[in-house]
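Okay, structure first, notes after.
Computed from heavy atoms alone, side chains included, the values below leave out hydrogens, waters and symmetry copies.
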There are 2 protein chains.
Amino acid sequence: MLVEDTLAHTLAQRGYKLTQPRRAVLKVLAAAGATLTPAEIHRRARSHCLHTGLVTVYRTLDLLTACGAIRKVHHADGCHAYALASGGHAHHVICECCQSVVEFDNCDLGTLLAAVQRRTGYQISGHWLELFGLCPNCRP
Amino acid sequence: MLVEDTLAHTLAQRGYKLTQPRRAVLKVLAAAGATLTPAEIHRRARSHCLHTGLVTVYRTLDLLTACGAIRKVHHADGCHAYALASGGHAHHVICECCQSVVEFDNCDLGTLLAAVQRRTGYQISGHWLELFGLCPNCRP
DNA sequence: GTATTTGCAAAATGTTTGCAGCTGC
DNA sequence: GCAGCTGCAAACATTTTGCAAATAC
């Protein structure tokens with residue numbers, strides 16, 4: 001598993017261990033290819049690692065987010081979902097029907113940012129963009 | 001007060017009443033010019049309407065959001081803040097230091113959306129963009 | 001006058017912490 | 001072997017619900 005190998009390496013570099021629950025959480029998100037809530041991740045993780053506790057899921061999500069392996073995404077209603085992140089600066093397109101996600105990285109906002117900066121006087125240092133729509137499978 | 005008159009009208013149109021607590025919540029957000037959490041809005045609202053309860057604040061925030069008078073914004077950590085919305089499609093630039101917000105509406109994402117749509121096969125129907133930075137007052 | 005709204009208390013939900021025992025390296 | 005990790009229970013924070021009294025129109 002490529003994703004797992006990368007993770008093992010990343011964790012080891014920082015002095016962390018690749019444990020069964022951590023492996024399970026990553027597997028779940030990789031297999032889903034969709035955004036999942038902590039509760040749903042917990043439910044699914046138990047099929048890989050039987051006694052995984054919800055608390056561990058929360059702690060693992062924080063850790064994996066810090067490592068850049070996953071990313072928190074915000075839905076319109078709640079904002080408590082996570083998706084696999086392939087690394088580097090990227091954004092997500094999320095299917096409003098099945099929650100499947102795809103990343104894209106060519107966010108060419110240079111012109112827009114410059115215009116906003118000029119008009120508002122704010123020195124812009126970061127942005128956060130999410131797209132919503134229907135994936136090929138959910139299209140009418 | 002222009003903001004209030006508009007609100008009174010919008011509410012009346014839908015069969016809602018303009019009550020003291022609702023007025024207070026709107027005043028607080030208008031005066032702050034920044035994003036505020038429900039708890040902070042509650043705290044400040046009491047100076048306008050003494051016995052405003054936290055529950056009412058929550059209900060009012062939902063109502064005002066439905067009316068388009070305010071908008072929920074998501075910060076990096078939590079996502080439980082609200083800001084005044086001037087109506088129509090718009091996005092916010094948020095100061096990472098003092099939380100002040102400014103709206104902008106010229107979000108020209110046409111080219112970007114078309115490219116993502118072509119590459120991912122998703123039919124994109126909405127987007128959500130927030131910018132972060134430092135406002136003129138907080139700049140070094 | 002009446003339907004809507006409020007505030008309180010209490011419930012439900014979601015997240016974090018403390019700590020003894022277990023696991024990966 | 002030992003630092004780091006886990007799971008449980010329990011604390012904590014946040015949001016929602018039920019209902020009698022109050023309010024706007």
Side-chain angles (χ1 to χ4, degrees), chain A residues 1 4-5 7-28 35-67 69-70 72-82, chain B residues 4-5 7-28 35-43 45-67 69-70 72-82:
Chain A
M1 283 258 155
E4 266 186 68
D5 287 349
L7 178 63
H9 193 245
T10 309
L11 289 177
Q13 264 186 333
R14 307 185 184 209
Y16 296 123
K17 298 171 183 174
L18 180 56
T19 61
Q20 288 303 323
R22 288 176 183 173
R23 205 188 293 265
V25 167
L26 191 73
K27 262 187 190 165
V28 164
T35 67
L36 299 175
T37 60
E40 179 62 17
I41 292 168
H42 176 229
R43 203 182 63 72
R44 298 190 188 189
R46 303 190 105 142
S47 63
H48 293 109
C49 178
L50 197 55
H51 295 296
T52 307
L54 181 57
V55 176
T56 299
V57 170
Y58 275 105
R59 287 191 275 227
T60 301
L61 290 174
D62 283 347
L63 182 67
L64 296 184
T65 301
C67 291
I70 65 177
K72 198 174 197 167
V73 296
H74 301 223
H75 288 181
D77 49 332
C79 23
H80 314 283
Y82 289 82
Chain B
E4 265 186 69
D5 287 349
L7 179 65
H9 192 244
T10 309
L11 289 177
Q13 264 187 335
R14 307 185 184 209
Y16 296 123
K17 299 171 182 172
L18 180 56
T19 61
Q20 288 303 322
R22 287 176 184 173
R23 205 187 293 266
V25 167
L26 190 74
K27 263 188 190 163
V28 164
T35 66
L36 298 175
T37 60
E40 179 62 19
I41 291 168
H42 176 229
R43 203 182 64 71
R46 303 191 106 142
S47 62
H48 292 109
C49 177
L50 197 56
H51 294 296
T52 307
L54 181 56
V55 177
T56 300
V57 170
Y58 275 105
R59 288 191 276 227
T60 300
L61 290 174
D62 284 347
L63 183 68
L64 296 185
T65 301
C67 291
I70 64 176
K72 197 173 197 168
V73 297
H74 301 223
H75 288 183
D77 49 330
C79 20
H80 313 284
Y82 289 82

Given C:dT6, is OP1 or OP2 found less than 4.0 Å from the side-chain N or O atoms of B:Thr52? no

What integer distance in Å separates B:His42:NE2 from C:dT6:P? 12 Å

Would you work out how much the helix from C:dG1-D:dC25 to C:dC25-D:dG1 bends between its ends, with each end axis defined by five base pairs, to 10 degrees? 50°

Starting at CG of B:Leu18 and ending at C1' of C:dT6, how long is that distance when rounded to a whole Å? 14 Å

Could you check whether any side-chain heavy atom of B:Leu64 comes within less than 4.5 Å of a side-chain heavy atom of B:Arg22, counting everything from C-beta outward? no

Nucleotide C:dG7, atom C1' - distance to CD of B:Gln20 in whole Å: 15 Å

Interatomic distance, A:Arg23 CZ vs D:dC5 C1' [rounded to whole Å]: 14 Å

Position toward the 5' end of DNA chain D (nearest nucleotide), A:Leu63 or A:Val55: A:Leu63

Minimum heavy-atom separation for A:Arg14 and A:Ala66, please, with both atom names. NH1-O, 3.5 Å

Between C:dT15 (C1') and A:Asp62 (CG): distance, integer Å: 10 Å

On the nucleotide C:dT15, are OP1 or OP2 found under 4.0 Å from the side-chain N or O atoms that A:His80 carries? yes

Measuring to OP1 and OP2 of D:dC5, would you say a side-chain N or O of A:Thr56 lies under 4.0 angstrom away? no

Where B:Thr65 and B:Tyr82 come nearest, the two heavy atoms and their spacing: OG1-CE2, 3.6 Å

Using OP1 and OP2 only, check whether a side-chain N or O of A:Arg59 sits under 4.0 Å from D:dT6. no

Which atom of A:Thr10 lies closest to which atom of A:Cys67, heavy atoms considered: CG2-CB, 4.1 Å

side-chain contact (heavy atoms from CB on, under 4.5 Å) partner of B:Thr60, chosen from B:Val57, B:Asp62, B:Thr56: B:Thr56

I need the NE2-P distance between A:His51 and D:dC5, as an integer number of Å. 21 Å

If I compare all heavy atoms of B:His42 with all of B:Thr52, which pair ends up nearest, and what's the gap? NE2-O, 3.0 Å

Nearest-Å distance for atom pair CG/P, residues A:Leu50 and C:dT23: 13 Å

CG on A:Leu54 to CZ on A:Arg46, rounded to 0.5 Å: 8.5 Å

Looking at C:dT15, I'd like to know if its phosphate oxygens (OP1 or OP2) sit under 4.0 Å from a side-chain N or O belonging to A:Tyr58. yes

Give the rounded distance in Å between these two atoms: CD of A:Gln13 and C1' of C:dG24. 18 Å

